[in-house]
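Quick note: residue numbers are just sequence positions, from 1.
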Amino acid sequence: MPTFQNTTASSIIFLLTGVPGLEAFHTWISIPFCFLYATALSGNSLILFVIITQPSLHEPMYYFLSMLSTTDLGLSISTLVTMLGIFWFNAREISFNACLSQMFFIKLFTVMESSVLLAMAFDRYVAISNPLRYATILTDSRIAQIGMTIVIRGTVMLTPMVALLKRLTFCSSHVLHHSYCFHPDVMKLSCTDTRINNVVGLTAMISTVGVDSVLILFSYVLIIRTVLSIASPEERKKAFSTCISHIGAVAIFYIPLISLSFVHRFGKRAPPYVHTMIANTYLLIPPVMNPIIYSVKTKQIRKAVIKVIQSKEI
């Protein structure tokens, strides 16, 4: 393993890692990843195009869905170049500043996705508990304000976490253990005391993704209570069915995140490639699955997608 003398952050060149132990099969491994990226990019682009071009979808629920597709596109693009660069060309080198930029955008789009899922939970609560005032509560200007707040919140919370890495010095190995820049991975290579970095990073994630998960759970407690108060079983079923797609989106975002945390904490004896594959697919599962879930489970989206596809064929 290559060794280096103590180096200031600005002059660092990190080496990213593909799938440890399976380097000879990188070309074959790239095939499913290419398929996942193609599905994520085309699926989310199609959802965005449909929502923009179909006036019938210019409603709060679909505006939030367009935000979700935008964050999924950003998350996919943030890792695409380095991941496929390693699998196709063994292009492992990445400068410190490029690494910081990639890390920031991966974290930003992750936090934004969590925030959008929270906004969508609020949307469903308002639609079910107060349908007559739904349009007056979630106006276009209010939705735009929510969108801006999501971006500003993520940027303000994550900028100190990433900026503090510039104070670190690095020694020994400069080999990262993922095919993209991962905040804990970079800190492990530092010779400097990283306690402040750990505290700031943990605070940022708890105050964003952690708080969002609790508020989403609380929203569904209120939604379930409201649904159960509806007298008609048919109306209860209809009200709750509008939440199915969102529940699926929440599950595919948080379950891989929790699984990755468990693997890092309890799976230390697992082969290195297991950690790498889970870390790679964790960032790809939500962007791939969200368009599929909403296309299958949401009648209006499904009809609009079919309409667009048929018009292209004609």
Side-chain angles (χ1 to χ4, degrees), residues 39-40 43-44 46-72 113-140 142-143 146-147 150 209 211-259 285-310:
T39 303
N44 285 291
L46 180 59
I47 293 289
L48 271 175
F49 178 77
V50 163
I51 293 173
I52 291 170
T53 58
Q54 300 297 312
S56 62
L57 300 181
H58 292 177
E59 298 178 6
M61 175 183 174
Y62 304 111
Y63 289 143
F64 287 124
L65 178 56
S66 69
M67 293 182 195
L68 187 66
S69 292
T70 302
T71 60
D72 282 337
E113 179 137 353
S114 174
S115 301
V116 171
L117 289 173
L118 174 59
M120 295 173 85
F122 174 70
D123 167 78
R124 290 300 83 205
Y125 172 68
V126 174
I128 290 172
S129 66
N130 208 339
L132 297 179
R133 295 189 58 211
Y134 177 66
T136 58
I137 293 174
L138 289 172
T139 60
D140 289 354
R142 189 157 292 161
I143 292 170
I146 292 173
I150 288 171
V209 177
V211 170
D212 291 346
S213 62
V214 173
L215 293 177
I216 289 170
L217 181 61
F218 180 66
S219 297
Y220 270 96
V221 170
L222 297 178
I223 288 171
I224 291 170
R225 190 176 70 174
T226 302
V227 170
L228 293 178
S229 67
I230 299 173
S232 168
E234 188 64 29
E235 289 297 317
R236 285 202 298 267
K237 181 180 178 181
K238 182 179 178 181
F240 197 68
S241 67
T242 64
C243 301
I244 296 299
S245 298
H246 180 254
I247 292 172
V250 170
I252 64 172
F253 177 78
Y254 283 101
I255 290 176
L257 179 62
I258 295 169
S259 300
I285 288 175
V288 169
M289 292 303 299
N290 282 336
I292 296 173
I293 289 174
Y294 276 93
S295 296
V296 171
K297 292 293 183 181
T298 307
K299 183 179 178 181
Q300 292 87 340
I301 290 289
R302 185 169 64 250
K303 288 172 64 177
V305 168
I306 293 172
K307 181 180 178 182
V308 168
I309 293 173
Q310 288 176 341

Can you see which heavy atom on Ile128 is nearest to which on Cys243, and at what distance?
CD1-SG, 3.6 Å
If the condition is side chain to side chain contact (heavy atoms under 4.5 Å, CB included), which residues does Leu215 pass it with, not counting sequence neighbours?
Leu118, Val211
If we ignore hydrogens and angles and just use 3.5 Å, is the side chain of Ser69 paired with the main-chain N or O of Ser66 as donor and acceptor?
no
Checking Gln300 now: which residues fulfil side chain to side chain donor-acceptor pair (under 3.5 Å) with it, not counting sequence neighbours?
Tyr62
If you look only at pairs with a residue in residues 117-140, which of them pass as a ring pair (Phe, Tyr, Trp, His ring centres under 6.0 Å), with sequence neighbours excluded?
none
Please enumerate all residues that pass side chain to side chain contact (heavy atoms under 4.5 Å, CB included) together with Thr136, with sequence neighbours excluded.
Arg133
Give me the atom names and distance for the closest heavy-atom approach of Ala251 to Pro256.
O-CD, 3.7 Å
Working to the nearest 0.5 angstrom, can you tell me the gap between Thr242 OG1 and Lys237 NZ?
13.5 Å
To the nearest 0.5 Å, what is the distance between OG on Ser229 and CZ on Arg236?
9.0 Å
By ring pair (Phe, Tyr, Trp, His ring centres under 6.0 Å), which residues pair with Phe240, not counting sequence neighbours?
none
Heavy-atom closest pair (Val116 atom, Leu68 atom, distance to 0.1 Å) is CG1-N, 3.8 Å
Quick one: pull up CE in Met67 and CD1 in Ile143 and give me the separation to the nearest 0.5 Å.
6.5 Å
Taking all heavy atoms of Val296 and all of Arg302, pick out the closest pair and write down the distance.
O-NH1, 2.6 Å
Rounded distance [0.5 Å steps], OG1 in Thr70 versus CG in Leu48
4.5 Å
Using only atom types and a distance under 3.5 Å, with no angle test, would you say the side chain of Thr298 pairs donor to acceptor with the backbone of Ile301?
no
Taking Asp123 for its side chain and Ala119 for its backbone only, find out whether a donor-acceptor pair lies under 3.5 Å.
no
Those residues at least two apart in sequence (or on a different chain) that pass side chain to side chain donor-acceptor pair (under 3.5 Å) with Ser213 are none
Expected output: side-chain Ser295 to main-chain Ile292 donor-acceptor under 3.5 Å:
no
With a 4.5 Å heavy-atom cut-off, do Asp140 and His58 have their side chains touching?
no
Drop me the distance from Asn44's CG to Thr71's OG1, to the nearest 0.5 angstrom.
8.0 Å
Contacts of type side chain to side chain contact (heavy atoms under 4.5 Å, CB included), residue Phe218, not counting sequence neighbours
Leu222
Give the minimum heavy-atom separation between Ile252 and Pro286, together with the two atoms involved.
O-CG, 3.5 Å
Applying side chain to side chain donor-acceptor pair (under 3.5 Å) to Tyr220 and not counting sequence neighbours gives His246
Taking every non-hydrogen atom, the tightest pair across Val209 and Ser114:
CA-OG, 3.6 Å
Within the 4.5 Å heavy-atom criterion, are Tyr63 and Leu138 side-chain neighbours or not?
no
Working to the nearest 0.5 angstrom, can you tell me the gap between Tyr294 OH and Ile47 CD1?
10.0 Å
Is the closest side-chain heavy-atom distance between Met61 and Met120 below 4.5 Å?
no
Who are the side chain to side chain contact (heavy atoms under 4.5 Å, CB included) partners of Ile52, not counting sequence neighbours?
none
The side chain to side chain donor-acceptor pair (under 3.5 Å) partners of Asn290 (sequence neighbours excluded) come to Asp72, Glu113
Filter on salt bridge (charged side-chain N to carboxylate O under 4.0 Å, His left out), then keep only pairs touching residues 211-231, sequence neighbours left out; what's left?
Arg153-Asp212
